[in-house]
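Down below is the structure, laid out as structure tokens.
Values below: every heavy atom of this structure, side chains too, minus hydrogens, waters and symmetry copies. Being a predicted model, the structure only gives us computed values, none of them experimental.
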Amino acid sequence: MKKKILVTGGTGYIGSHTAVELIGDGFEVVIIDNLHNSEADVVDRIHQITGVKPHLEIFDICNKESLDSFFTANKDISAVIHFAAYKAVGESVRKPLEYYQNNLGSLINLLGAMKEAGIPGLVFSSSCTVYGQPEELPVNEQSPLQPAESPYGNTKQIGEQIIRDTTRAVSTIKAIALRYFNPIGAHPSALIGELPRGVPENLVPYITQTAYGLRDELKVFGDDFNTPDGYCIRDYLHVVDLAKAHVVAVKRLIEGKNKSDFEMFNLGTGIGVSVLEAIKSFERATGVKVNYKVTDRRPGDIEKIWADPSLANRELGWKTLSSLDEAMLTAWNWEKKIRSNKG
């Protein structure tokens with residue numbers, strides 16, 4: 001019998017790619033999503049890719065009553081992957097209360113419902129923002145956590161602490177936090193990808209929308225950072241590589257291979273890439289020039305960060321496979337496909 005995995009936020013960008021990889025590995029996938037930043041037809045796209053349509057429940061897990069009712073009817077879930085959260089650094093600076101209420105309230109509800117239903121495993125969508133601006137690079141899992149630079153980053157720091165405390169107190173729950181660096185790209189089928197509503201908060205959708213002509217220019221937030229070319233440095237990894245790590249983490253929990261009640265792993269390439277280098281990679285991969293303009297720095301942005309992914313490489317047997325150029329090309333193919341479909 002197939003193991004059933006609950007994916008909260010499963011119609012979103014990373015959630016949908018993870019659902020595809022889970023189904024491909026033989027799991028049954030159930031999705032909960034409130035469709036705040038995604039569309040219900042994503043499950044049809046997952047069906048097109050995998051031949052299997054995951055079950056979708058549409059509600060907000062901040063609603064404790066709805067979540068408790070769901071678990072009452074679904075006690076055969078083997079593990080939960082929790083993506084459902086607001087995720088934009090800049091927006092979190094503008095709307096801190098919404099971020100704390102949504103990201104922490106949903107997590108507390110979920111852990112409480114898992115405890116009551118006896119659901120044993122949680123994979124938590126965390127972030128490199130938990131490190132703040134690191135004193136040394138690259139960062140590893142033992143690097144001290146600096147003060148978060150944004151409310152979003154703080155919700156991930158606090159979220160990890162809530163999980164740590166819960167796994168200490170509730171013997172039935174084990175958890176893994178996956179600290180993502182910067183996911184980019186789209187599924188090679190170009191059937192699912194990143195589709196932000198309104199003005200993109202992340203770099204690559206802003207690049208692809210500008211390249212397609214939807215936006216006059218790409219706004220680059222600052223070129224006066226203490227980096228070799230003055231631009232922010234990040235660690236960009238392909239979303240499909242990232243999704244595969246969740247499958248490995250779920251298996252680790254189900255098979256009892258975790259070495260502690262709460263584990264943390266960095267997911268990145270280990271390569272720091274500046275915003276300018278990322279733009280050049282897109283242009284190189286696609287042959288399309290991007291019109292960009294440097295503007296003021298954006299509140300909450302970290303100057304430079306990239307991963308030491310050696311723990312995940314060693315313990316999970318996971319590593320990134322796609323190059324930056326390959327990831328950029330899939331992002332462009334996705335942009336072109338969705339625009340041609342809408343046209």
Side-chain angles (χ1 to χ4, degrees), residues 4-24 27-50 52-74 76-88 91-92 95 98-99 101-114 117 119 121-127 152 155-156 159 178 180 183 186-187 191-198 200-202 205 239-240 242-243 246-247 249-250 334 338:
K4 185 186 289 187
I5 308 300
L6 169 63
V7 182
T8 71
T11 60
Y13 175 42
I14 304 170
S16 59
H17 286 83
T18 299
V20 166
E21 297 303 321
L22 286 166
I23 292 168
F27 289 99
E28 179 183 351
V29 173
V30 178
I31 292 171
I32 297 175
D33 206 303
N34 67 357
L35 306 181
H36 171 79
N37 196 31
S38 60
E39 306 292 341
D41 70 357
V42 168
V43 295
D44 297 319
R45 295 166 180 266
I46 293 171
H47 184 199
Q48 283 182 261
I49 295 169
T50 65
V52 177
K53 186 174 181 178
H55 179 69
L56 171 63
E57 296 262 357
I58 302 174
F59 67 90
D60 192 329
I61 63 173
C62 285
N63 185 319
K64 187 176 184 301
E65 189 175 294
S66 297
L67 189 61
D68 290 343
S69 296
F70 171 83
F71 275 112
T72 298
N74 292 272
D76 57 341
I77 289 170
S78 297
V80 179
I81 304 179
H82 180 44
F83 293 107
Y86 297 160
K87 63 171 188 172
E91 182 182 61
S92 78
K95 301 178 179 180
E98 287 91 332
Y99 268 69
Q101 185 170 43
N102 183 74
N103 291 8
L104 300 179
S106 61
L107 176 61
I108 291 167
N109 283 352
L110 180 62
L111 287 166
M114 288 176 63
I119 310 300
L122 173 69
V123 176
F124 178 59
S125 167
S126 193
S127 165
Y152 166 73
T155 67
K156 294 303 183 182
L178 299 178
Y180 316 159
H187 194 270
L191 286 167
I192 55 174
E194 189 169 11
L195 187 59
R197 291 178 175 168
E201 295 271 356
N202 295 332
V239 66
V240 173
L242 178 61
H246 293 78
V247 179
V250 159
W334 159 248
I338 56 172

Original post:
Side-chain contact, heavy-atom cut-off 4.5 Å: Val247 with Phe27?
Top reply: yes

**OP:** Give a yes or no on whether the backbone of His187 and the side-chain of His17 come within a donor-acceptor separation of less than 3.5 Å.
**Re:** yes

**OP:** Work out which heavy atom in Leu104 is nearest to a heavy atom in Thr155; give both atom names and the distance.
**Re:** CD2-O, 3.5 Å

**OP:** Could you pull out the closest heavy-atom pair between Ile23 and Val29, with the gap in Å?
**Re:** CG1-CG2, 3.7 Å

Subject >> Heavy-atom check, side chain of Thr11 versus side chain of Glu39, under 4.5 Å >> reply: no

Original post:
Any donor-acceptor pair under 3.5 Å linking the side chain of Arg45 with the backbone of Leu191?
Top reply: yes

**OP:** Of all the heavy-atom pairs spanning Val42 and Ser16, show the shortest one and how long it is.
**Re:** CG1-CB, 3.6 Å

Subject >> Side chains of Asp33 and Ser38 in contact at under 4.5 Å (non-hydrogen atoms) >> reply: yes

Original post:
Can you list the residues that meet the ring-ring contact (aromatic ring centres under 6.0 Å, His included) rule with Tyr180, with sequence neighbours excluded?
Top reply: His246

**OP:** Take Tyr152 and Glu91, measure what side-chain hydrogen bond (donor to acceptor under 3.5 Å, both in side chains) needs, and give me the verdict at the end.
**Re:** CA-CA 9 Å; Tyr152 166 73; Glu91 182 182 61; over 6 Å; no

Original post:
If you measure from CG on Asn63 to CG on Leu67, what distance do you get to the nearest 0.5 Å?
Top reply: 8.5 Å

Original post:
Between Val30 and Ile77, is any pair of side-chain heavy atoms under 4.5 Å apart?
Top reply: no

**OP:** Of all the heavy-atom pairs spanning Phe83 and Gly9, show the shortest one and how long it is.
**Re:** CB-O, 4.2 Å

Subject >> Interatomic distance, Leu35 atom CG to Asp60 atom CG [nearest 0.5 angstrom] >> reply: 10.5 Å

**OP:** Taking all non-hydrogen atoms of both residues into account, name the closest pair between Trp334 and Glu194 and its distance.
**Re:** NE1-O, 2.9 Å

Original post:
Given Val123 and Val250, is the side-chain contact (heavy atoms from CB on, under 4.5 Å) satisfied, shown in steps?
Top reply: CA-CA 7 Å; Val123 176; Val250 159; 3.9 Å; yes

**OP:** Check whether any side-chain heavy atom of Ile81 sits under 4.5 Å from a side-chain heavy atom of Ser125, and report yes or no.
**Re:** no

**OP:** Not counting sequence neighbours, list each pair that qualifies as a side chain to side chain donor-acceptor pair (under 3.5 Å) and has a residue in residues 77-87.
**Re:** Thr8-His82

**OP:** Kindly determine whether Leu6 and Asn74 satisfy side-chain contact (heavy atoms from CB on, under 4.5 Å), including the steps that lead there.
**Re:** CA-CA 9 Å; Leu6 169 63; Asn74 292 272; over 6 Å; no

Original post:
Are there more than 12 heavy atoms of other residues, nucleotides or ligands under 6.0 Å from atom NZ of Lys64?
Top reply: no

Original post:
Counting only heavy atoms not in Glu98, do more than 12 fall under 6.0 Å of its CD?
Top reply: yes

Original post:
Backbone N or O of Ala85 within a donor-acceptor pair of the Asn103 side chain at under 3.5 Å?
Top reply: no

Subject >> Those residues that, when tested against His55, pass ring-ring contact (aromatic ring centres under 6.0 Å, His included) (two or more places apart) >> reply: none

**OP:** Would you name the heavy atoms of Ala186 and Gly193 that are closest together and state the gap between them?
**Re:** CB-CA, 3.9 Å

